[in-house]
Amino acid sequence: MSNVVELQVNRENYHETRIVELQSAPLNENQIRVQIDKFALTSNNVSYAVSGDMIGYWNYYPAEAPYGKVPVWGFASVIESQSDHIKVGERIWGFLPMANQTVLTVGKVFDDNFMDATPYRQELPILYNQYRRTQGEPEFLQNYDDERSLLFPLFMTSFLIYDFLKDNDFFGAKQVLIGSVSSKTGFGLAKLIHNDKEADVKVVGMTSSRNVEFVEKLGCCDQVVVYGDEDKIDRNQNAAYVDMSGNAQLTEKLHNQFGDRLVNSCLVGATHWEERRQVDQQLPGARPTFFFAPAQITKRNKEWGPGVVIQKAMIAAAGLSDAIKGDLLVEQITQADQTADIWRDMLDNKVAPNRGIMVKFE
Ligand SMILES: NC(=O)c1ccc[n+]([C@@H]2O[C@H](COP(=O)([O-])OP(=O)(O)OC[C@H]3O[C@@H](n4cnc5c(N)ncnc54)[C@H](OP(=O)(O)O)[C@@H]3O)[C@@H](O)[C@H]2O)c1
């Protein structure tokens, strides 16, 4: 028996959290107990809470209502095993709760990953049931640790959006407008487009006034626009819009400003989660469409062969992580109550974009 510490969030009021301490339960057949070595916290995790009911994020690690466990990306080590395949001492990477330990059920096992087979998780998006076995992975990945949790899930998404836009010749746009460009997913996309000499498009990043300096320093935008100043964007050039902010007001303003010149409108995130509401579907310009990363992965798996797109996305993520090393300050948090404070700050937009939050509960 060991002591389990979990940080849970009230699903009806995200600002309210509780720290739960309990004794671990004995393992069943095929189960493993993992100690969570480190996990990352970014706005993406806030989005997991916001879209938790719609996509099912609350159901990977259920909790007693009205509380829920927000999933995070991180590393863990196997400390107890009832599996014939995954042994004590193995290191894994994947979707975890904000806790010091958890239990997984080992399903199909491959050289470099295994699938969780917990019955109630089988109806949820499969992507998050996959756990990487880190020693079976390409060597270059072994050199990335904090980046792997903090940046890779976001930069891999940046790559998939970049690939989707490029695959469609940017829908004929001459500029790509990125909402909440100071977010890691946002500036990752901006950098990939900006660094691509073949991409004949300008990158226009939109952000809050306090984040302009950070974005300008990254040097990934041809134009940086503060929210409210969207009139400064050239409305005579076709534009593709990628929205990380989920701010319906901003989306509607850009659609009305560009009309038919808004040739694609791609909804990716909801950093401005409090401004979130249903976007008017009758807006001028291209229909706002949710970006579904698995669809682009499936398409590329057919065209390029299984796993190639993920390998490319990982290489892109590693490159972006190297490129921003000096611009990101990684903080190591060790207390559950401190993590709860940062979670609340994240909800209230009080975490500067150059802060990278890594957590390990002591
Ligand atoms: N669909 C997918 O597959 C997928 C995958 C990965 C990420 N995403 C989404 O991409 C978005 C960015 O995630 P991230 O983890 O990269 O973000 P991040 O680096 O934590 O983003 C920080 C930035 O987000 C904005 N922000 C944060 N909290 C806010 C708040 N409470 N109110 C208003 N603005 C706030 C601010 O940017 P500005 O001042 O520039 O607005 C802030 O600088 C998230 O919504 C995430 O869910 C989606």
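Counting convention: from 1, in listed order, for ligands and their atoms alike. Everything numeric here is computed off the predicted structure, so don't read it as measured data. Excluded from the calculations below are hydrogen atoms, water molecules and symmetry mates; all remaining heavy atoms, backbone and side chain alike, are included.
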May I have the list of side-chain donor-acceptor pairs in residues 101-111 shorter than 3.5 Å, sequence neighbours left out?
{"unit_1": "Gln101", "atom_1": "OE1", "unit_2": "Ser2", "atom_2": "OG", "d": "3.4"}
{"unit_1": "Gln101", "atom_1": "NE2", "unit_2": "Ser2", "atom_2": "OG", "d": "3.2"}
{"unit_1": "Thr105", "atom_1": "OG1", "unit_2": "Thr118", "atom_2": "OG1", "d": "3.2"}

- Query: When the ring centroid of Tyr14 is compared with that of Trp343, is the distance short of 6.0 Å?
  - Reply: no
- Query: Quick check: are there more than 12 heavy atoms from other residues, nucleotides or ligands sitting under 6.0 Å from CD of Gln282?
  - Reply: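 No - once you tally the heavy atoms of other residues, nucleotides and ligands closer than 6.0 Å, there are 12 at most.
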- Message: Tell me whether Ile55 at atom CD1 has more than 12 heavy atoms from other residues, nucleotides or ligands lying less than 6.0 Å away.
- Response: yes
- Task: Applying ring-ring contact (aromatic ring centres under 6.0 Å, His included), name anything that partners Trp58, two or more places apart in sequence or on another chain.
- Result: none
- ring-ring contact (aromatic ring centres under 6.0 Å, His included) partners for Tyr57, two or more places apart: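 Only Tyr48, Tyr128 meet the ring-ring contact (aromatic ring centres under 6.0 Å, His included) criterion with Tyr57.
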- Message: Residues around ligand 1, heavy atom under 4.0 Å from any ligand atom, sorted by chain and number. Can you pull those?
- Response: Thr42, Ser43, Asn44, Ser47, Leu154, Thr157, Ser180, Val181, Ser182, Ser183, Lys184, Thr185, Thr207, Ser208, Asn211, Tyr227, Met244, Val268, Gly269, Ala270, Thr271, His272, Trp273, Met346, Leu347, Asp348, Asn349, Pro353
